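This one's a predicted model, so the numbers in the text were calculated from it and none came from an experiment. Both ligands and their constituent atoms are indexed starting at 1 by order of listing.
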Amino acid sequence: MTHSKSPSSETVTASPPRANSAPGQILTTAQMRDAEAALYESGVEEWTLMQRAGHGAADWIARASAGNLVTILCGPGNNGGDGYVAAAALKARGVPVRVVAPIEPKTEQAKRAAATFDGEVLDHAAGSHGAVFVDALFGIGLARPVSDDLRRLLTDLRASHSLAVALDVPSGVDADTGACPDDLPSYDLTLSFGAWKPAHFTGDALAKLGVVRLVDIDVPDCGGNLRLSEPARLAAPDFATHKYRRGLVAVVGGAMPGASLMTARACALAGAGYVKWMSDHDHPGHPPDLVKDDAPLDDALGDDRISAIVIGPGLGREDDAQARLEAVLAAGKPAVLDADALNLLTPALLESCDAPILLTPHEGELARLCEAFEVDGETKRERASALAKATGCAVLAKGADTLLAVGEDLRFFTPATRWLSVAGSGDVLAGIAAARLAVTGDLVQAACEAVHLHGRAARIVGAGFTATMLAEAVHPALGQML
Ligand SMILES: NC(=O)C1=CN([C@@H]2O[C@H](COP(=O)(O)OP(=O)(O)OC[C@H]3O[C@@H](n4cnc5c(N)ncnc54)[C@H](O)[C@@H]3O)[C@@H](O)[C@H]2O)[C@@H](O)CC1
Ligand SMILES: [K+]
């Protein structure tokens with residue numbers, strides 16, 4: 001069936017360019033609903049927000065289409081409403097556009113938006129092909145799994161268009177967790193409205209979103225606990241500094257000294273003024289510019305000038321390893337615990353430690369730590385938060401969707417290159433984090449800077465690198481981020 005809507009008297013006005021009102025803000029569905037409710041109470045109309053969203057989307061879609069045919073799949077709710085507004089705005093700009101609407105608009109705003117579009121509306125996708133497919137079927141209002149018929153429709157439309165754009169989130173994605181069906185099609189561009197949603201930075205949907213961009217609709221900063229960590233300029237050493245003031249880092253080695261050597265190398269290149277390798281093993285790769293301290297660890301760690309310690313890479317899990325971890329925790333210095341230090345960590349070991357501690361677990365280490373500290377959560381985000389609260393530590397949960405949990409707060413990151421999934425990558429990150437901790441004295445800042453430096457180093461070194469190559473690339477990465 002094809003029908004044409006009668007033109008509505010609604011005017012479709014182009015919105016002026018907007019500055020982002022809260023660029024790093026991430027809101028869950030419930031927080032987004034609260035933010036919207038507050039806006040409505042302050043006198044902003046729902047229709048105004050939908051206009052901003054639809055016009056903002058139309059700007060991106062118009063560029064992507066380069067004047068070629070756009071097909072917008074509109075659902076029954078306000079996500080569909082955004083789609084109709086975008087369709088009307090595109091048509092007004094002379095871009096050929098049609099709407100596929102398998103379900104009639106149901107909300108007041110979606111009906112109103114549908115009435116502004118006087119172009120072609122189909123209730124099926126047969127024969128639909130074109131340049132850009134826009135998914136405006138379901139957004140944050142997804143209430144249940146998408147039916148087989150609608151999933152097929154999404155897949156067919158994706159396949160019959162050169163580019164696919166999702167409005168807010170791809171239909172079928174849980175905006176709060178990033179969970180999605182395996183057969184979700186892949187998108188080239190996902191446009192988030194008003195604020196980022198957790199699904200833009202975490203969960204399985206990450207692999208499907210393509211490039212993500214924020215369309216500002218003037219949602220103010222709600223002071224929420226979820227934030228996107230954006231790379232910031234790192235501070236260069238100040239005028240009156242010296243090597244100790246720039247940060248002395250103790251890199252505590254163990255049974256497999258090669259790993260801690262790599263950590264020490266990354267640490268030295270990430271801005272620390274002085275790195276001491278505390279190892280009772282030698283290694284043929286020990287470089288001349290790395291000071292080795294083989295005094296008994298308690299004594300070595302007694303140096304008051306130490307401003308951060310890192311332990312875990314190559315530590316091993318023998319009795320001696322446990323004793324070394326105990327010595328680090330007893331030193332009362334800010335510390336980064338990685339790898340085997342995480343495998344050895346127990347609530348009893350942390351009991352008398354009140355120094356700032358950063359834990360850097362990957363998925364498996366996070367699961368073990370959650371077991372050891374008797375906490376759990378359905379998602380990585382919940383597990384990391386629960387662990388942060390149980391330990392009082394900052395938890396940098398690594399992986400394709402790295403996130404940082406500190407108390408009630410969560411920081412998310414734009415995903416780094418997948419080439420970082422290589423043995424030793426975490427050892428390098430731990431070294432960078434320790435350097436930044438020594439330099440900044442701030443756990444959250446150090447962890448965020450470390451993730452950005454690590455990702456930058458990976459981009460610089462390119463494809464198919466080893467961890468040693470990655471550690472060397474920390475040097476140019478630091479230079480780029482100053
Ligand atoms: N309220 C606001 O402030 C704004 C909301 N905006 C848009 O509104 C969206 C949220 O709108 P809604 O709350 O109306 O929700 P949606 O439009 O995401 O979807 C809700 C509708 O879809 C139906 N539905 C949900 N899951 C389904 C399924 N699996 N199969 C079949 N039907 C299903 C629901 O019954 C309801 O009718 C956002 O994602 C965003 O795109 C934007 O217009 C910007 C402003
Ligand atoms: K959508």
Side-chain angles (χ1 to χ4, degrees), residues 15 18 21 27-42 44-58 60-61 71-89 100-114 116 133-154 157-158 164-176 179-181 184-185 187-200 205 208-210 212 214-220 222:
S15 53
R18 325 190 62 82
S21 25
L27 297 180
T28 61
T29 299
Q31 289 171 329
M32 189 73 197
R33 303 278 190 215
D34 288 348
E36 290 161 14
L39 279 170
Y40 302 151
E41 237 166 72
S42 75
V44 177
E45 288 190 9
E46 210 176 343
W47 179 243
T48 306
L49 293 186
M50 188 174 278
Q51 286 287 304
R52 290 174 184 163
H55 280 276
W60 284 97
I61 299 162
T71 305
I72 305 188
L73 177 64
C74 289
N78 288 350
N79 194 250
D82 297 341
Y84 286 109
V85 172
V100 174
I103 313 171
E104 289 289 309
K106 290 193 178 138
T107 65
E108 195 189 322
Q109 302 306 320
K111 286 179 191 166
R112 185 174 174 186
T116 66
F133 159 54
V134 179
D135 168 4
L137 187 58
F138 307 119
I140 62 172
L142 183 79
R144 54 190 175 277
V146 178
S147 67
D148 290 348
D149 282 355
L150 289 175
R151 288 223 305 277
R152 209 166 307 118
L153 184 59
L154 285 162
L157 283 167
R158 158 70 275 201
V165 179
L167 297 197
D168 223 8
V169 287
S171 301
V173 168
D174 179 325
D176 287 347
C180 66
L184 185 83
Y187 292 78
D188 301 287
L189 174 66
T190 295
L191 299 171
S192 185
F193 296 130
W196 298 112
K197 319 295 166 346
H200 296 123
K208 310 279 193 167
L209 301 176
V212 293
L214 189 64
V215 171
D216 188 58
I217 60 170
D218 258 2
V219 173
C222 306

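For the K ion (ligand 2), the N/O/S atoms of D135 include one lying under 3.4 Å.
Taking each of A37, G141, G172 in turn, the one with a heavy atom nearest to atom 19 (O) of ligand 1 proves to be G141. Which of N78, V219, T107 comes nearest to atom 12 (P) of ligand 1 through a heavy atom is settled by distance: it is N78. Here the shortest heavy-atom distance to atom 5 (C) of ligand 1, taken over M50, M32, E36, belongs to E36. In this comparison of Q51, K197, R33, R52, the heavy atom closest to atom 13 (O) of ligand 1 sits on R33.
Of the polar atoms of G139, at least one N or O is found under 3.5 Å from an N or O of ligand 1, judged by distance alone.
Heavy-atom distances between R144 and ligand 1 reach below 4.0 Å in at least one pair. G75 does not count as a contact of ligand 1, since none of its heavy atoms falls under 4.0 Å from the ligand. Every heavy atom of G194 sits 4.0 Å or more from the atoms of ligand 1.
Rounding to 10 degrees, one finds that the K ion (ligand 2) sits at the corner of an angle of 110° between L167 O and F138 O.
If you number the atoms of ligand 1 from 1 as listed, the ones under 4.0 Å from a heavy atom of I217 come out as 44 (C), 45 (C). Close contacts of ligand 1 with Y40, meaning ligand atoms under 4.0 Å from a residue heavy atom, involve 1 (N), 2 (C), 3 (O). The atoms of ligand 1 that sit less than 4.0 Å from any heavy atom of L49 are 3 (O), 45 (C).
Distance check on atom 34 (C) of ligand 1: every protein heavy atom falls at or beyond the 4.0 Å cut-off.
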